[in-house]
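Only this structure's heavy atoms are used, side chains among them; waters, hydrogens and symmetry mates stay out. Residue numbers run from 1 in the order of the sequence given.
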Amino acid sequence: MSQTKHLLLLLLALIMSATGTFSQTVGTQFTVDGTTYEITKQDLSTAHDNEVTIVSIGGSGTVNVPESVKNERNQEFYKVTSTKEGSTVKGGVTSVVFPNTLTKISEGSFIQNAGGTNAPDLQSVTIPASCTNIGISWPI
């Protein structure tokens, strides 16, 4: 009996550690090519329904935000659908081009860069027709 309990406990620990390694939940952040995203929708049955919001945009010059990004930790793809309230643009980014999957730009997005001052380098933002919800407090 004791041997069976130990075997079951070991099996349970193995399963928990394996799933913990790959699971990513809503609220988890990850970075791809200098831009940080946060998972807003994680559909375990239909991966193509996964979604992220933009937390900060990094890089230099023109940044073309892709329609979807791959989280290297769990190897899942996520559709880029929004910006997070208070999201930032880092210095050196002069132009941002959003993808056709974007539907919402939250209030206060991109007013300040990561250093806490107005984003001095940002000169233009391209917003697709798919974006039907734009919050207030835009710097441009």
Side-chain angles (χ1 to χ4, degrees):
M1 181 73 168
S2 178
Q3 193 174 27
T4 303
K5 282 183 183 178
H6 284 103
L7 183 59
L8 288 174
L9 188 57
L10 180 61
L11 181 61
L12 180 61
L14 180 64
I15 290 170
M16 288 178 68
S17 67
T19 57
T21 301
F22 297 107
S23 75
Q24 299 286 282
T25 60
V26 170
T28 299
Q29 293 186 1
F30 62 95
T31 302
V32 176
D33 296 330
T35 298
T36 301
Y37 303 91
E38 184 175 300
I39 298 172
T40 55
K41 182 178 178 185
Q42 178 72 43
D43 192 323
L44 298 176
S45 61
T46 311
H48 70 271
D49 288 338
N50 294 342
E51 296 179 0
V52 291
T53 189
I54 300 167
V55 176
S56 70
I57 296 177
S60 62
T62 298
V63 174
N64 291 294
V65 178
E67 290 187 357
S68 68
V69 290
K70 183 178 182 182
N71 182 348
E72 291 299 326
R73 179 146 168 97
N74 67 359
Q75 300 298 304
E76 294 280 343
F77 283 90
Y78 295 84
K79 183 169 41 171
V80 178
T81 60
S82 64
T83 66
K84 185 172 182 169
E85 186 173 333
S87 52
T88 60
V89 175
K90 295 180 181 175
V93 176
T94 58
S95 179
V96 176
V97 179
F98 288 113
N100 289 326
T101 54
L102 194 82
T103 59
K104 178 181 178 184
I105 297 176
S106 296
E107 183 174 330
S109 291
F110 311 124
I111 287 180
Q112 296 183 334
N113 67 15
T117 60
N118 287 340
D121 300 324
L122 186 61
Q123 298 172 8
S124 68
V125 176
T126 303
I127 302 170
S130 61
C131 186
T132 57
N133 186 344
I134 299 176
I136 60 171
S137 300
W138 259 66
I140 297 175

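- Across all non-hydrogen atoms, the minimal contact from Pro99 to Pro128 is O-CG, 3.0 Å.
- Glu51 CD to Ser82 OG: the interatomic distance, rounded to the nearest 0.5 Å, is 7.5 Å.
- With hydrogens and angles ignored, the 3.5 Å screen pairs a side-chain donor or acceptor of Thr101 with a backbone N or O of Val80.
- Note on Phe77 and Val32: separate hydrophobic clusters, where clusters join Ile, Leu, Val, Met, Phe, Trp and Tyr whose side-chain heavy atoms are under 4.5 Å apart, directly or indirectly.
- With rounding to the nearest 0.5 angstrom, the NZ atom of Lys84 is 3.5 Å from the CD atom of Glu38.
- Taking each heavy atom of Ser130 and Leu102 in turn, the nearest pair found is OG-O, 2.7 Å.
- For the pair Thr103 (side chain) and Thr81 (backbone), a donor-acceptor distance under 3.5 Å is present.
- Nearest heavy atom pair, residue Thr35 against residue Ser56, reads CG2-O, 3.1 Å.
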_Between Tyr78 and Thr40, is the side chain to side chain contact (heavy atoms under 4.5 Å, CB included) condition met? List the steps._
CA-CA 9 Å; Tyr78 295 84; Thr40 55; over 6 Å; no

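- Sparse packing is recorded around CG of Asp33, with 12 or fewer heavy atoms of other residues, nucleotides or ligands lying under 6.0 Å away.
- In this structure, the separation between CZ on Arg73 and CZ on Phe30 is 12.5 Å, given to the nearest 0.5 Å.
- At least one donor-acceptor pair closer than 3.5 Å links the side chain of Ser106 to the backbone N or O of Thr83.
- A donor-acceptor pair under 3.5 Å links the side-chain atoms of Asn50 to the main chain of Asp43, judged by distance alone.
- Listed for the Thr94 side chain is no donor-acceptor partner under 3.5 Å among the backbone atoms of Asp121.
- Note on Glu67 versus Lys79: no salt bridge recorded, every NZ/NE/NH1/NH2 to OD/OE distance being 4.0 Å or above.
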*Any chance you could lay out the side chain to side chain contact (heavy atoms under 4.5 Å, CB included) test for Lys70 and Glu76, step after step, and finish with the verdict?*
CA-CA 6 Å; Lys70 183 178 182 182; Glu76 294 280 343; over 6 Å; no

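- The closest donor-acceptor contact from the side chain of Thr28 to the backbone of Ile39 lies at 3.5 Å or more, if one exists at all.
- By the 4.5 Å heavy-atom criterion applied to side chains, Lys90 and Ile57 are not counted as neighbours.
- Considering only heavy atoms from C-beta on, Phe98 stays 4.5 Å or farther from Thr126 through its side chain.
- At a threshold of 4.5 Å between side-chain heavy atoms, the hydrophobic network of Ile, Leu, Val, Met, Phe, Trp and Tyr places Ile134 and Ile54 in one connected group.
- A continuous path of hydrophobic side-chain contacts links Tyr37 to Val125 [ILVMFWY only; heavy atoms under 4.5 Å].
- Between the OG1 atom of Thr53 and the NZ atom of Lys41 there is a distance of 14.5 Å, given to the nearest 0.5 Å.
- Note: the hydrophobic cluster containing Leu122 does not contain Val97 (ILVMFWY, side chain heavy atoms under 4.5 Å, direct or indirect links).
- The nearest pair of heavy atoms linking Glu85 to Glu107 is CG-O, 3.0 Å.
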*Please walk me through it: do Ile105 and Asn133 pass side chain to side chain contact (heavy atoms under 4.5 Å, CB included)?*
CA-CA 6 Å; Ile105 297 176; Asn133 186 344; over 6 Å; no

